[in-house]
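Okay, structure first, notes after.
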Amino acid sequence: MISLTKRKELKGYKSLKAYPEVAHFVTTRHGGISSGAYASFNCSPYTNDSSMNLIRNRHWLFQLMKWEIQELFIAEQRHGAASMVIDKWYFDTSEGIRQDLLIGIDALITNVPGYCVCVTTADCVPVLLYDKKLQVVAAIHAGWKGTVKHIVSNVLEHMNQKFGTQGEDVIACIGPSISLASFEVGDEVYEAFKESGFDMSLISVKKRKTGKYHIDLWEANRIELLNAGVPAEQIEVAGICSYIHHDEFFSARRLGIDSGRTLSGIMIRKESNN
């Protein structure tokens, strides 16, 4: 990954940086004011961090972005495979209903400049997509449950149905999350992947010492992208394990569920409409 800010508060992807009409970021644990398991740059509204910390961290995030942003959208994820498009339909609903619409959504899609769609993670896999031909972006929360439910394939199908997105036009980035080495699972998780149609010889190993399976969520989601027609050279894998590098990125397995979250966001710049 590349640093988007001097003090490494925001990271990014080289592949997306090549497209000036797109803005994106991945937050680290540097630069915020939160403390304890939230230290320090927690921007997720779905945590028990104090509202004042979140407001100040969010304000700092906007300052760091240095591009014109209309609004930041963060869904209340439920480890499912539901996706939603943020467009005129969303804003035609009453203000009181809009937040409710974000409940149970694990992927957000938009083609509206200035609307930044985001996902929060702490070991789960964040995936950012950009349709470079039609200028559509998506942010996906692919935990193991969502991966089993083929969330990445579902989102690409949703983008195809709504906008006409083709896999060959997509730039995809798989972000900091738990690695094969760190993701030890029970037999029931292994079986869930197997029953869902994954080739376990490609995404899992069984450790002789422990007798436990380990699953590669990065490879599982990369295969999903490949199967959807995204060229291998257009898939960037950060290769950073959040469990190992918990000093840089939040890890629920290290810090506990009641901890901060890494925020990954992507949007079409408003200038691209000029």
Side-chain angles (χ1 to χ4, degrees), residues 1 11 13 15 26 28-29 37 77-83 106-107 119-129 139-157 167 172-262 264:
M1 297 185 79
K11 295 282 191 177
Y13 301 99
S15 55
V26 178
T28 67
R29 296 188 65 189
Q77 302 155 185
R78 294 288 173 83
H79 298 276
S83 57
D106 281 82
V119 288
T120 60
T121 56
D123 291 332
C124 290
V125 183
V127 182
L128 299 182
L129 304 179
I140 306 170
H141 167 248
W144 78 260
K145 292 180 180 178
T147 303
V148 162
K149 296 171 184 174
H150 302 284
I151 186 170
V152 167
S153 298
N154 292 345
V155 169
L156 284 164
E157 179 61 26
C173 299
I174 296 173
S177 43
I178 199 163
S179 64
L180 169 69
S182 301
F183 191 39
E184 180 182 286
V185 302
D187 291 350
E188 73 283 357
V189 175
Y190 176 91
E191 291 299 327
F193 275 90
K194 185 177 179 181
E195 291 172 12
S196 190
F198 285 91
D199 184 339
M200 302 311 291
S201 68
L202 298 177
I203 69 164
S204 69
V205 295
K206 189 173 186 178
K207 299 291 185 178
R208 290 184 180 181
K209 188 175 181 180
T210 62
K212 294 285 188 178
Y213 287 106
H214 286 237
I215 288 180
D216 190 342
L217 293 178
W218 303 345
E219 183 62 12
N221 283 289
R222 194 183 77 89
I223 290 171
E224 290 280 279
L225 290 163
L226 292 172
N227 290 343
V230 180
E233 62 272 16
Q234 291 173 200
I235 302 172
E236 181 176 349
V237 181
I240 299 172
C241 178
S242 52
Y243 182 81
I244 295 172
H245 297 284
H246 59 279
D247 57 329
E248 286 281 323
F249 300 96
F250 289 106
S251 170
R253 283 201 170 196
R254 283 279 195 180
L255 303 167
I257 294 297
D258 189 10
S259 58
R261 296 292 184 269
T262 295
S264 299

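All residue numbers in this chain count up from 1 along the given sequence.
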Looking at side-chain heavy atoms only, is the closest gap between Thr121 and His141 below 4.5 Å?
-> yes
Check: Arg29 and Leu255 side chains under 4.5 Å, non-hydrogen atoms | yes
Mind jotting down which residue pairs meet the ring pair (Phe, Tyr, Trp, His ring centres under 6.0 Å) criterion with at least one end in residues 198-224? Sequence neighbours excluded, please.
-> His150-Phe198, Tyr190-Tyr213, Phe193-Phe198
With Arg254 via salt bridge (charged side-chain N to carboxylate O under 4.0 Å, His left out) - residues at least two apart | none
Only one of Val125, Val237, Ile140, Asp216 passes side chain to side chain contact (heavy atoms under 4.5 Å, CB included) with Asn221; say which it is.
-> Val125
Gln77 (side chain) donor-acceptor with Val119 (main chain) under 3.5 angstrom = no
Salt bridge (charged side-chain N to carboxylate O under 4.0 Å, His left out) partners for Glu236, two or more places apart = none
Nearest-0.5 Å distance that lies between atom OG in Ser179 and atom CD1 in Ile244 = 4.5 Å
Minimum side-chain heavy-atom gap Pro176-Met1 below 4.5 Å = yes
Are side-chain heavy atoms of Val189 and Val148 found at a separation under 4.5 Å?
-> no
Could you tell me which non-hydrogen atom of Ser242 sits nearest to which non-hydrogen atom of Ser251, and how far apart they are?
-> O-CB, 3.4 Å
So do Asn154 and Ser83 actually touch side chain to side chain, heavy atoms under 4.5 Å?
-> no
Taking side chain as C-beta onward, heavy atoms only, is Thr147 less than 4.5 Å from Ile215?
-> no
Taking Asp106 for its side chain and His79 for its backbone only, find out whether a donor-acceptor pair lies under 3.5 Å.
-> yes
Show your working on side chain to side chain contact (heavy atoms under 4.5 Å, CB included) between Tyr13 and Val26 and close with a plain yes or no.
-> CA-CA 9 Å; Tyr13 301 99; Val26 178; 3.8 Å; yes
Can you run down the ring pair (Phe, Tyr, Trp, His ring centres under 6.0 Å) pairs that involve residues 220-251, sequence neighbours left out, and say none if there aren't any?
-> none
Short side-chain to backbone donor-acceptor contact, Ser201 and Asp199, under 3.5 Å | no
Residues passing the salt bridge (charged side-chain N to carboxylate O under 4.0 Å, His left out) test with Arg78, sequence neighbours excluded, are Glu76
Within-4.5 Å side-chain heavy-atom neighbours: Ser153 and Asn227 = no
Salt bridge (charged side-chain N to carboxylate O under 4.0 Å, His left out) contacts touching residues 222-233 (sequence neighbours left out) = Glu219-Arg222
